[in-house]
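Worksheet for the structure shown next.
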Amino acid sequence: MKTLTKKLKTVVAKAPKKLSLIEKTNLLNQTQLTEICGMLRWTEQQYCDHQFEQYEAFLKRALYGAHPNIFNRVRYSTLMRGLWNNEWIRRNKGFLPLARYNMFEGMEVDKKGRLHQVSPDEEDLERVTDDYYTIHNGKLLYSNEALLIKFHHVLNLIYRSK
């Protein structure tokens, strides 16, 4: 019996651990962050600063005129930060395929069937960076109906949890 138990423990220990939704989301976020930083030639700090600046811009627009206590309660809410992080990941999913295409570096076949090396230039980088700034603009996101519906839902949850 001891041998069977020992073998079972060994098999269980070797079995791949099933990731929770939070772990999967964190892994996706880190993967996106790494790829985007490489693509835009940013540091992780620049990426996080940009994300935080847009979070602040969105909240300032969405909670314009709110009392500072209300603003800060929403601002520091884990629910609000979770909504923002999930929205950021969702927007990155839409951004990455086109950015990968525009920033492709490698071998390509031209119209005559010849193989040649291609790499993005500064204009490609500028365009992709501009696209990134636009898709994640906190002020513009205030006009996104789907995000506002989620935002109002989160506000209700924050204020129900007094």
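Quick note: numbers below take in every heavy atom, side chains included, and nothing from hydrogens, waters or symmetry partners.
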Separation between SG (Cys48) and CD (Glu53), nearest 0.5 Å, reads 11.0 Å

Donor-acceptor side-chain pairing of Glu87 and Asn144 below 3.5 angstrom: no

When you check the gap from the basic side-chain N to the acidic O, do Glu122 and Arg41 get nearer than 4.0 Å? yes

State whether Arg127 and Asp130 are salt-bridged, where the test is any N-O pair (Lys NZ or Arg NE/NH1/NH2 against Asp/Glu carboxylate O) under 4.0 Å. no

Is it true that atom NZ of Lys150 has more than 12 heavy atoms of other residues, nucleotides or ligands lying nearer than 6.0 Å? yes

Can you tell me if CD on Gln117 sees more than 12 non-hydrogen neighbours from other groups inside 6.0 Å? yes

Determine whether Val74 and Phe52 fall in the same hydrophobic cluster, where Ile, Leu, Val, Met, Phe, Trp and Tyr are linked whenever their side-chain heavy atoms lie under 4.5 Å apart. yes

Atom CG of Leu115 with >12 non-hydrogen neighbours under 6.0 angstrom: yes

Looking at CG of Leu28 and NZ of Lys24, how far apart are the two atoms once the value is rounded to the nearest 0.5 Å? 11.5 Å

Reported CG-to-CE distance for the pair Leu125 and Met103, which is rounded to 0.5 angstrom: 4.5 Å

Would you kindly say whether Gln30 and Asn26 are connected by a side-chain donor-acceptor distance under 3.5 Å? no

Classify the ring geometry of Phe58 against Trp84: parallel below 30°, tilted from 30° to 60°, perpendicular beyond 60°. tilted

Hey, are the side chains of Gln46 and Asp49 touching, using non-hydrogen atoms and a 4.5 Å cut-off? no

Determine, stepwise, if the pair His116 / Val109 fulfils side chain to side chain contact (heavy atoms under 4.5 Å, CB included). CA-CA 6 Å; His116 62 98; Val109 178; over 6 Å; no

Under the side chain to side chain contact (heavy atoms under 4.5 Å, CB included) rule, what do Phe95 and Val128 come out as? Steps first, then yes or no, please. CA-CA 9 Å; Phe95 165 79; Val128 168; 3.5 Å; yes

Interatomic distance, Leu147 atom CG to His152 atom NE2 [nearest 0.5 angstrom]: 9.5 Å

Using atom types as modelled and distance alone, determine if a side-chain donor or acceptor of Asn86 lies under 3.5 Å from a backbone N or O of Leu83. no

Trp88 with Leu79, same ILVMFWY side-chain cluster at under 4.5 Å: yes

Do Ile22 and Leu19 belong to the same hydrophobic cluster, where Ile, Leu, Val, Met, Phe, Trp and Tyr are linked whenever their side-chain heavy atoms lie under 4.5 Å apart, directly or via other members? no

From CA spacing to verdict: side chain to side chain contact (heavy atoms under 4.5 Å, CB included), His136, Asn92: CA-CA 9 Å; His136 288 299; Asn92 280 343; 2.8 Å; yes

Has the side chain of Asp121 got a donor or acceptor atom that lies under 3.5 Å from a matching backbone atom of Asp124? yes

Closer than 3.5 angstrom, by distance alone: can the side chain of Gln32 be matched with the main-chain N or O of Ile89 as a donor-acceptor pair? yes

When Leu40, Leu33, Thr34 are each screened for side chain to side chain contact (heavy atoms under 4.5 Å, CB included) with Ile36, the one that passes is Leu40

Less than 4.5 Å apart, side chain to side chain, heavy atoms only: is that true for Leu140 and Thr134? yes

Could you label the plane-to-plane angle of the Tyr132 and His50 rings as parallel, tilted or perpendicular, counting under 30° as parallel and over 60° as perpendicular? tilted

Would Tyr133 and Ile135 show up in the same hydrophobic cluster when neighbours are defined by side-chain heavy atoms closer than 4.5 Å? yes

Test side chain to side chain contact (heavy atoms under 4.5 Å, CB included) on Asn137 and Tyr142; report intermediate values, then the result. CA-CA 9 Å; Asn137 185 303; Tyr142 179 67; over 6 Å; no

Can Leu148 be reached from Leu59 by stepping across I, L, V, M, F, W or Y side chains whose heavy atoms are under 4.5 Å apart? yes

Hey, is CD on Glu126 packed in by over 12 heavy atoms from elsewhere, all under 6.0 Å? no

Is the closest side-chain heavy-atom distance between Leu141 and Arg91 below 4.5 Å? yes

Looking at CD of Gln54 and NZ of Lys139, how far apart are the two atoms once the value is rounded to the nearest 0.5 Å? 8.5 Å

Taking the six-membered ring of Tyr55, is NZ or CZ of Arg81 closer than 6.0 Å to its centre and within 45° of its axis? yes

Which distance, rounded to the nearest 0.5 Å, do you find between the CD1 of Ile158 and the CD1 of Ile70? 11.5 Å

